[in-house]
Amino acid sequence: MENWLSDWQTDVALAACEQCDWLYVLPPSRLAGRCPHCGAAALAALDETTNKPVYTHPPELVLPFQATPRQAQQKVLAFAKGAWFAPADLQGERLNGRLQPLYLPLWLVDADVQAQWQAEMGFDYQVVSHQEEYQNNRWHTRQVKETRIRWEPRVGTLQRHYDNQVAPALEEQAAIEKEVGRFDRQGARPYQPDVLTQAIARLPNRPPDDAWPDAQLALMQAAGDECRQAAAADHIRQYHWQPHFANTHWTQLLYPIYTTYYMDDNGKTHTLTIHGQTGRLVGRRLASMKKARRGSLAIGAVAAALFIVSFILLLAGLVYEVALAMAGLLFVVAVVTAVAAFIPILVAWYLNHHSK
Ligand SMILES: [Zn+2]
């Protein structure tokens with residue numbers, strides 16, 4: 001069986017995460033790390049011939065990292081620093097030690113398209129009406145402009161070539177895009193083997209056959225938008241087409257992110273992701289309920305001590321009247337402190353239920 005890893009033209013290995021099933025091509029030095037996607041398990045090296053993935057080819061294009069590792073580390077430090085009642089594991093330096101550069105795949109599809117289409121085109125037009133208003137003891141006439149849409153049915157044919165329509169190469173693409181954001185595809189460079197001397201690459205789990213319906217949808221949207229422009233319309237709806245495709249060409253593009261993770265009180269891992277171009281960090285900043293509870297108990301203990309002292313002063317007040325006033329004052333302070341004891345738990349609870 002051929003060794004497909006040699007296509008990547010550099011010393012790389014195949015590894016998988018048993019927890020989330022993600023498959024990676026990576027430099028052997030990264031085999032010791034944890035899964036950069038879920039952080040929940042160590043990576044396991046796989047034999048590349050007996051475990052051949054659904055898609056094995058190296059990418060044609062790579063978007064380079066624009067955020068440097070140093071910038072990513074600073075984002076992580078700021079994230080950790082701003083955490084209230086941070087879990088013991090959420091420490092900037094520790095998270096930076098786990099920071100890994102990771103490339104994720106995306107398809108760019110080119111195709112010749114020949115199609116018959118029909119749609120309803122919408123044209124904006126203005127309607128002017130007048131409203132009578134009574135103000136300052138007299139009537140005023142106000143002109144009101146309103147935009148309405150006139151819909152017209154249209155049919156046509158289309159024959160042209162499309163380049164770089166985006167289709168997902170990962171099942172998780174929509175979720176990733178929603179969380180991390182989009183990437184600027186300008187500045188993509190041809191694949192050079194040295195991009196994998198440090199970074200890890202995720203292999204596509206949706207090969208072209210599987211992603212083709214999504215690519216067709218992207219092509220249809222591009223075509224619909226062009227038909228709208230050709231008709232000089234402002235809107236389009238009910239676009240239907242009978243397309244024929246030829247000369248489809250698929251390009252795999254890798255886009256860059258950094259990931260790291262921390263564990264909460266219960267040992268569950270939470271991944272932080274940093275956009276490789278903008279340096280924006282996304283991830284949940286959870287509070288440790290354990291730590292918050294400890295804080296609440298400490299304040300509660302102070303409140304209990306104050307109650308006891310005020311009770312002793314109350315007893316003393318039976319003999320010395322001046323002690324009564326002090327007992328009353330201390331009692332009020334004790335009540336305030338007791339109420340304050342709930343604050344750490346409430347804050348931690350709020351953070352954990354409202355973060356993201
Ligand atoms: Zn994983």
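Indexing begins at 1, ligand by ligand and atom by atom, following the structure's order.
- In this structure the side chain of Y24 reaches within 4.5 angstrom of the side chain of L43, judged on heavy atoms.
- Residues Y261 and L95 fail the side-chain proximity criterion, which asks for heavy atoms closer than 4.5 Å.
- Inter-residue side-chain proximity for M289 and N352 is flagged as met; some heavy-atom pair is nearer than 4.5 Å.
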(message) Assess the residue pair F245 and W212 against the criterion (ring pair (Phe, Tyr, Trp, His ring centres under 6.0 Å)); give the C-alpha distance rounded to whole Å, side-chain angles, the decisive distance to 0.1 Å, and a yes or no.
(response) CA-CA 11 Å; F245 302 101; W212 178 227; 4.9 Å; yes

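- Around the Zn ion (ligand 1), protein N, O or S atoms at less than 2.8 Å comprise C17 SG, C20 SG, C35 SG, C38 SG.
- Here the side chains of C20 and C35 are in contact, with some heavy-atom distance below 4.5 Å.
- Applying the side chain to side chain donor-acceptor pair (under 3.5 Å) test to R237 and every residue at least two apart in sequence or in another chain returns E120.
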